[in-house]
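Report on the structure given below.
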Amino acid sequence: MSRHHSRQQPLPQSTLATVAVFASPTSWIESDAVAQCHQVAALDGMIHVAAMPDLHPGKGAPIGAAMASTVLYPFLVGSDIGCGIAVFPIGLKRAEPAKLAARFPDLDRALHPEQDSDDPAWAVVDGDIPAGHVDGLGTVGRGNHFVELARIGTVFAPDHASRLGLAAGDLVLIVHSGSRGLGEQILRAHTELHGAGPAPDPAAYLAMHDDAVRWGSLNRRLMAARVAHALGAEPTAPIVDECHNLVELRDGVYLHRKGAAPGHGRDVLIAGTRGTPSYLVAAHAGPDANHSVAHGAGRKMSRADALRRGRAKHTVEELRRTAVGSLVVCGERQLLFEEAPTAYKRIEQVIADLVDHGLATPVATTIPLVTYKTPDRGSTRQRTRRDHRRKRR
DNA sequence: ATGTGC
């Protein structure tokens, strides 16, 4: 993606923005990702780039960074505007993970307002559907997105956990998903005209962006409600819901977050992997960190590397039943390898880096029981996405 | 990441 764009007027003399990396020297950070941070720092209007310990290379822009600029750059937020992680308490009698896994609804299948009008999940909609965008409502998507049933493990801050209504052993649903096709449409509309250049009308972009942020949050609530009903529980309101791909106007500058969660006095669920704990933290990041914290463990390997190396290292069964005893529902073999826990950094190191830099305080861990990624198409033959496409033709 | 692109 080129960062050169046409301008009618001469640019003001640009000063290079500062780059701060919030990770210990021993934490593995790919040099390509740091290089991307410095490329971002050289953009017109950029003031400060804060890289989180889960930093890794993205398409054009780094993932795991908060970037403050006088100019709004849509590509720094990316296509999944509104992607985030929400946590919902769920009152369930403990049951076998295998039984629960089998009861998850098909989250590839969208809820349609008319065809599915009797679905009780609609009760979470308390207004209009943002942008009137109906396509893909209630679907989880692909990549690192998931819906997970987890139990609260170690509680580090009992009072804080208690204020959130949580105690060790409680069950929660964790939903990581975004705005599906809507955010992609919004970025594409900008990119077709302006490439990686700034939004010429920031207010117009922000209006669409804010719709996508609301849509993403609604989508997470819809999915939590679908799953709760399917598991025989009542839907609940999220106790945590933070979006990690967004831009906000803060102190007069555009603060872009790409794979970085708001960290100023927020509670944030920082995702581990599909086979390790996640961390619920109290975030208290200041201006040096662009008021942000990490959003997850962060990829250690590219998807291609994870697929290639994973095939030599793991069996499908090992990835479907993890080291913590959880089950992974994922009918796509390729995705299972791409998302293997070993393709990610150690979440404990990411959290330690945040703690050491004074950006967050752990509240509790969540231990996966069932992670849903894509519908299970049966275990007799694990298919890839390509197989599905072939079959359709 | 994505109702995409090889």
Side-chain angles (χ1 to χ4, degrees), chain A residues 1 33 36 52 54-65 67 73-86 106-112 115 129 131-147 175-192 195-196 208-209 211-213 215-217 219-220 223 242-247 256-261 271 273-274 294-299 301-307 330-332 334-339 343-344 373-375 384-393:
Chain A
M1 195 175 289
Q36 284 185 333
M52 298 297 130
D54 58 338
L55 186 79
H56 56 283
K59 185 187 163 194
I63 301 168
M67 300 153 280
Y73 291 99
F75 89 97
L76 293 182
V77 174
S79 64
D80 197 4
I81 305 161
C83 186
I85 300 181
D106 180 349
L107 298 177
D108 266 6
R109 197 187 149 276
L111 283 176
H112 192 277
Q115 289 156 29
I129 292 166
H133 186 83
V134 165
D135 284 356
L137 259 184
T139 62
V140 63
R142 287 294 186 273
N144 58 359
H145 292 175
F146 63 83
V147 177
V175 182
H176 179 190
S177 187
S179 59
R180 310 290 285 111
L182 179 59
E184 199 273 338
Q185 269 179 35
I186 294 167
L187 181 66
R188 184 155 36 83
H190 171 84
T191 306
E192 278 172 0
M208 293 184 283
H209 159 284
D211 274 340
V213 169
W215 199 99
S217 180
N219 197 36
R220 292 188 284 279
M223 275 186 277
E242 291 301 338
C243 169
H244 50 237
N245 292 348
L246 80 169
V247 57
H256 311 73
R257 292 190 179 90
K258 172 70 172 172
T273 71
R274 282 1 83 217
H295 81 311
R299 295 199 74 85
M301 284 176 218
S302 68
R303 293 188 173 276
D305 283 349
L307 186 61
C330 183
E332 289 177 16
Q334 179 172 323
L335 187 60
L336 201 53
F337 283 109
E338 288 173 354
E339 291 289 311
Y344 283 85
K373 289 193 66 72
T374 70
T384 64
R385 293 190 74 190
R386 184 173 293 188
D387 289 331
H388 290 294
R389 307 246 166 218
R390 274 195 196 125
K391 208 174 176 212
R392 259 183 241 153
R393 280 176 196 156

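Residue numbers begin at 1 in each chain, while the letters A, B, ... track the order of the sequences.
- Rounded to an integer number of Å, the gap from CH2 of A:Trp215 to C1' of B:dG3 is 12 Å.
- Between the NE2 atom of A:His190 and the C1' atom of B:dT2 there is a distance of 17 Å, rounded to whole Å.
- From A:Arg257, atom CZ reaches atom CE of A:Met52 across 9.0 Å, with rounding to the nearest 0.5 Å.
- Atom CG of A:Leu187 and atom C1' of B:dG3 are 16 Å apart (whole Å).
- Counting to the nearest Å, the C1' atom of B:dT2 and the CG atom of A:Asp135 are 13 Å from each other.
- Regarding A:Arg303, its CZ atom lies at a distance of 10 Å from the P atom of B:dT2, rounded to whole Å.
- As rounded to whole Å, 17 Å separates atom P of B:dG5 from atom CD of A:Gln334.
- Between A:His145 and A:His176, the angle of the ring planes lies from 30° to 60°, which puts this pair in the tilted group.
- Contacts of A:Gly143 with the nucleic acid, taken as non-hydrogen atoms under 4.0 Å apart, involve only primed sugar atoms and P, OP1 or OP2.
- Residue-level contact check: A:Arg188 touches neither bases nor backbone, having no heavy atom under 4.0 Å from any strand.
- Residue pairs meeting the side-chain hydrogen bond (donor to acceptor under 3.5 Å, both in side chains) criterion with at least one partner in residues 131-141 of chain A, sequence neighbours excluded, are A:Thr139-A:Arg180.
- The interatomic distance linking A:Gln185 (CD) with B:dT4 (C1') rounds to 13 Å, in whole Å.
- Counting to the nearest Å, the P atom of B:dG5 and the NZ atom of A:Lys59 are 9 Å from each other.
- A side-chain donor-acceptor contact under 3.5 Å links A:Asn245 to the backbone of A:Asp80.
- The shortest distance between the side-chain N/O atoms of A:Arg142 and the OP1/OP2 oxygens of B:dT2 is not below 4.0 Å.
- A:Gly58 comes within 4.0 angstrom of no nucleic acid atom, judged by non-hydrogen atoms across all strands.
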